[in-house]
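Order of listing sets the numbers, starting from 1, for every ligand and every atom in it. FYI, the numbering just counts along the sequence from 1.
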Amino acid sequence: MRKNIVAGNWKMNKNVIEAQQLMFQLLQYKKNHTPNCEIWIAPPSLYLMMAKDLYENDEIGIFAQDMSEYESGAYTGEISAAMLESLDITGAIIGHSERRQYHGETDSHCNRKIKLALDQGLTPIYCNGETLEQRKSGKHLEVVKNQTEVALFTLSADEIKKVVIAYEPVWAIGTGETASPEQAQEIHAHIRSLIAEKYGQEVADDISILYGGSVKPDNAKEIFSQPDIDGGLIGGAALNVADFGKIIEGFS
Ligand code: 13P
């Protein structure tokens, strides 16, 4: 179901004490405010159980930053969808550009992971987006089309409705350079129209598409006000509750 979401991707940051503090501060924030969006976090996997213990009433959605493309077995270092499900974790980020860049992940891997996640009742946050070179050569629409088709278009209509998409242009991640609201809206509308062509408008209108890439307190509101942008996947600014809270308040 389409909803407004602000999700924090903590990446490989924070020791256990710092992580616990931030989780606690976020819980306090949620108790003292009435946000107009869902609040999700993706801490390092080591801390997922701690989040689960703290957020007893599911006040905040808890996501892994990645999960295995395999069901189970001899895959050292991996975490399976079934393991996440057994901890009652909300879902997993899949296909983040840092996984693609440093770990060779492709959209075919994403496709397998998304299916496994859905089979376990988890919510996948599927990330895509073009590189700077691809944008400069005018290929961004084509790149995102291809990514979306390969990763998602083997799903049924019922399945794709359960996926959250995050458009994260690689050139905007951690660089301080943000896609303009118009640039982001163009791609979000493009992704939604691709889904509408394949699955029908009703299905496309039911899917949340988040923007990620240097979202900060001072640009969140304008980005979130675009018609096809349903929230954000936040990196650096999710690491402190003051900034993350202001971004959440972008939905006022
Ligand atoms: P930044 O907000 O630090 O640019 O990171 C975005 C991101 O990669 C979220 O997944």
Can you list everything that forms a salt bridge (charged side-chain N to carboxylate O under 4.0 Å, His left out) with Glu71? Sequence neighbours excluded, please. none
Are any of the N or O atoms of Glu168 closer than 3.5 Å to those of ligand 1? yes
When rounded to the nearest 0.5 angstrom, what distance separates CD1 in Ile160 from OG1 in Thr154? 9.0 Å
Can you list the atoms of ligand 1 that are under 4.0 Å from a heavy atom of Ser214? 1 (P), 2 (O), 4 (O)
Considering residues, nucleotides and ligands other than Glu222, do more than 12 of their heavy atoms fall under 6.0 Å from its CD? no
Nearest candidate to atom 4 (O) of ligand 1, where distance is taken over non-hydrogen atoms, out of Gly236, Gly174, Gly212, Pro169: Gly174
Part of Asn9 within contact of ligand 1 (heavy atoms, under 4.0 Å): side chain
Does a donor on one side chain sit under 3.5 Å from an acceptor on the other, for Gln65 and Trp10? no
When you check the gap from the basic side-chain N to the acidic O, do Lys246 and Asp218 get nearer than 4.0 Å? no
Which of the atoms of ligand 1 are close to Ala172, meaning less than 4.0 Å from one of its heavy atoms? 4 (O)
If we only consider heavy atoms of Lys11, is any one of them less than 4.0 Å away from an atom in ligand 1? yes
Considering only heavy atoms of Gly213, which atoms of ligand 1 have at least one such atom less than 4.0 Å away? 4 (O), 6 (C)
So which protein heavy atom does atom 2 (O) of ligand 1 come closest to, and at what separation? Gly235 N, 2.9 Å
Considering only residues two or more places apart or on different chains, which pairs with a residue in residues 108-129 satisfy ring-ring contact (aromatic ring centres under 6.0 Å, His included)? none
